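Only one structure is covered here, and it is reproduced in the block below.
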Amino acid sequence: MPPADTRASTGNHRVDASASPSSNQNPNSPESERMSPGHPGYLRMRLALFTAGLATFALLYSTQALLPAISDDLRVQADQASWSVSAATFGLALAVVPLSALSERFGRRAMMTVSLTVAVVLALLVPFAPDLGWLIGLRAVQGAALAGIPASAMAYLSEEVHPKALIGTIGLFVAGNSVGGMSGRIVTGWVADAWGWRAALAAVGVMALLCAASFRMLLPKARHFTPASVSPRALARTLAGHLSDPLLCRLYAIGALFMTVFGGVYTVIGYRLVAEPFGLSQSLIGSIFLIYLVGTVSSAATGKLVGRLGRRGALYVAVSTTAAGLLLSLLNSIPAVLAGLVLITAGFFAGHAAASSAVSRTAKTGRAQAAALYQASYYIGSSLGGALGALAFHAAGWGGTVAMGLVAVGGAAAITVYATRKAVAERRAEAARRDLCGVPA
């Protein structure tokens, strides 16, 4: 999960004690008692959260680089095999809000431990799935289990870490997310070349098991968490308030549309590269995911871009970059396809960072729930992108997937244009009101 996702989760604004994760901080615990560099548990905590992030995203997208091999072995089409990815992200999208609420009652550490344990157990069962139906079912449950990690990690950090050390600590957790998402795909690609896709998934499961064991041993016990009862009615009021906010809804839609493009492209790209005129091996296809490093740089640079151009200006840049990458990827040339993927990845991460960071600034209360809703829409976009991208590829080849991506990018552009016109109209109305009242600008 890119950095901007996390910033929304650390705010201390709330509707009531039952609705906001930040409400569970013990008001009697001084900041000096929270973990910071030099604290005995600080390094252990950072390493623990890094391993949790690594395991989470290695497992979540573990089948994505293997889809051509899964299709060949199970004799299914791309649009069918793609559900092994979409089911996991859809499960996470559905579970992230409920599990964030449950962590209020049972604790962040307990939620993360149970979630990671269940996901690892399922990861060790996934390689033995007898058919596609079992594979999709296990992956859906696994995705739902993994939702407990992002739902609880940011709240744990905001409660246990000194504010001055919080940004750096979140950065390492995000790094674990990025490294996990990238390494999981690369490992599966190389192992699948030698021993098949089932062995590749088993390798990721073993890696996640080691991460889970390290996480449990390293993560210090929570010292500043106070259990709170979970009020479904209060939570529903908070969520309804966010969903009735037009700006938040636009940000949720933009995040979902960008992720639709990204999920579709990376779900289908393996099918294109394994076929002629490219004919790449499974290991080389897995290595393509090193391009994710571009996204890490892009999301980090988005803050400066927003500072110069504003949020909507940054979104226009992201839309243009993503669209240019989609068009460039149509060429039957490895350098052109790789350059297209670089642009798509950079544009996606920039757009995602701009939209998700704006959620934390827009939500004045219940920021944790606002962030959870963004994550839900984000992963719904991933699920739809994977399914629709594969369906378009089956119907019209790579050109169909690109067309689907351009429609989604166009939707994000249309929302941004609407927001721009609305902002201009509001500024003009405000200027007219000031002139009428004789108030200086």
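Only heavy atoms go into these numbers, but all of them, side chains included; no hydrogens, no water, no symmetry mates. Counting from 1, the numbers follow the sequence of the chain as shown. What you are looking at is a predicted structure, and each value in this text was computed from that prediction instead of being measured.
- The nearest pair of heavy atoms linking T401 to A392 is N-CB, 3.8 Å.
- Between T416 and I254, some side-chain heavy-atom pair lies under the 4.5 Å cut-off.
- When all heavy atoms of A58 and V204 are compared, the closest pair comes out as O-CG1, 3.7 Å.
- With hydrogens and angles disregarded, no donor-acceptor distance shorter than 3.5 Å links the side chain of S320 to the backbone of V317.
- Using a 4.5 Å cut-off on side-chain heavy atoms (C-beta onward), V409 and L326 make contact.
- Atoms CG and OG1, from L257 and T322 in turn, are 11.5 Å apart once rounded to the nearest 0.5 Å.
- The only member of V294, V265, L328 that meets side chain to side chain contact (heavy atoms under 4.5 Å, CB included) when paired with L341 is V265.
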Would L273 and I334 count as a side chain to side chain contact (heavy atoms under 4.5 Å, CB included) here? Give the steps.
CA-CA 9 Å; L273 295 178; I334 283 291; 4.2 Å; yes
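- Side-chain contact between T420 and Y316: present, with at least one pair of heavy atoms (C-beta onward) separated by less than 4.5 Å.
- Using a 4.5 Å heavy-atom cutoff, the side chains of R237 and H242 are not in contact.
- A heavy-atom distance below 4.5 Å is not found between the side chains of I285 and I269.
- With hydrogens and angles ignored, the 3.5 Å screen pairs no side-chain donor or acceptor of Q142 with any backbone N or O of L122.
- Heavy atoms only, all atoms of each residue included: Q64 and G263 are closest at NE2-O, 4.1 Å.
- Checked by atom type, the side-chain pair S84/T63 shows a donor-acceptor distance below 3.5 Å.
- For the residue pair S82 and T267, no side-chain donor N or O sits within less than 3.5 Å of a side-chain acceptor on the partner.
- Going from atom CG of L132 over to atom CG of L74 covers 6.0 Å, rounded to the nearest 0.5 Å.
- W197 and T188 are not linked by any side-chain donor-acceptor pair at a separation below 3.5 angstrom, with hydrogens and angles left out of the test.
- Side-chain contact between L54 and M207: present, with at least one pair of heavy atoms (C-beta onward) separated by less than 4.5 Å.
- Summarising the geometry of L60 relative to Y379, their closest heavy-atom pair is CD2-CE2, 3.8 Å, with the distance given to 0.1 Å.
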Test side chain to side chain contact (heavy atoms under 4.5 Å, CB included) on L135 and I70; report intermediate values, then the result.
CA-CA 10 Å; L135 179 62; I70 292 173; 4.3 Å; yes
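- Between the CE atom in M259 and the CD1 atom in I380 there is a gap of 12.0 Å [rounded to 0.5 Å].
- No side-chain donor-acceptor contact under 3.5 Å links S86 to the backbone of W83.
- Within a 6.0 Å sphere centred on OH of Y252, heavy atoms belonging to other residues, nucleotides or ligands number more than 12.
- We find the CG-CG distance between L66 and D72 to be 11.5 Å, quoted to the nearest 0.5 Å.
- L315 places a side-chain heavy atom less than 4.5 Å from the side chain of F258.
- Taking the six-membered ring where tryptophan is involved, the planes of F348 and F262 are essentially parallel, since the angle between them stays under 30° and well short of 60°.
- Residues L343 and G325 come closest through the heavy atom pair CB-CA, 3.6 Å.
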When you look at Y418 and R250, which way does the side chain to side chain contact (heavy atoms under 4.5 Å, CB included) test go after all the steps?
CA-CA 10 Å; Y418 170 80; R250 289 198 295 270; 3.7 Å; yes
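- The number of heavy-atom neighbours closer than 6.0 Å to CZ of F278, taken from other residues, nucleotides and ligands shown, is above 12.
- Checked by atom type and distance alone, the side chain of Q282 pairs as donor or acceptor with a backbone atom of A65 at under 3.5 Å.
- A donor-acceptor pair shorter than 3.5 Å can be found between the side chains of H352 and Y374.
- The main-chain N or O of W190 is never found under 3.5 Å from a side-chain atom of S283 such that the two would form a donor-acceptor pair.
- The two residues M112 and F215 come nearest to each other via the heavy atoms CB-CZ, 3.7 Å.
- Proximity of L219 to L47: side-chain heavy atoms (C-beta onward) are nowhere separated by under 4.5 Å.
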May I have the step-by-step check of side chain to side chain contact (heavy atoms under 4.5 Å, CB included) for V274 and L280, ending in yes or no?
CA-CA 5 Å; V274 78; L280 299 187; over 6 Å; no
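- Rounding to the nearest 0.5 Å gives a distance of 11.0 Å between OG of S377 and CG of L384.
- Using a 3.5 Å distance cut-off with no hydrogens or angles, the side chains of T89 and Y61 do not pair a donor with an acceptor.
- Side-chain atoms of R311 do not come within 3.5 Å of backbone N or O of A355 as any donor-acceptor pair.
- Side-chain contact, Y271 with S71: a donor N or O sits under 3.5 Å from an acceptor N or O.
- The distance from atom CG of L92 to atom OG1 of T56, rounded to the nearest 0.5 Å, is 8.5 Å.
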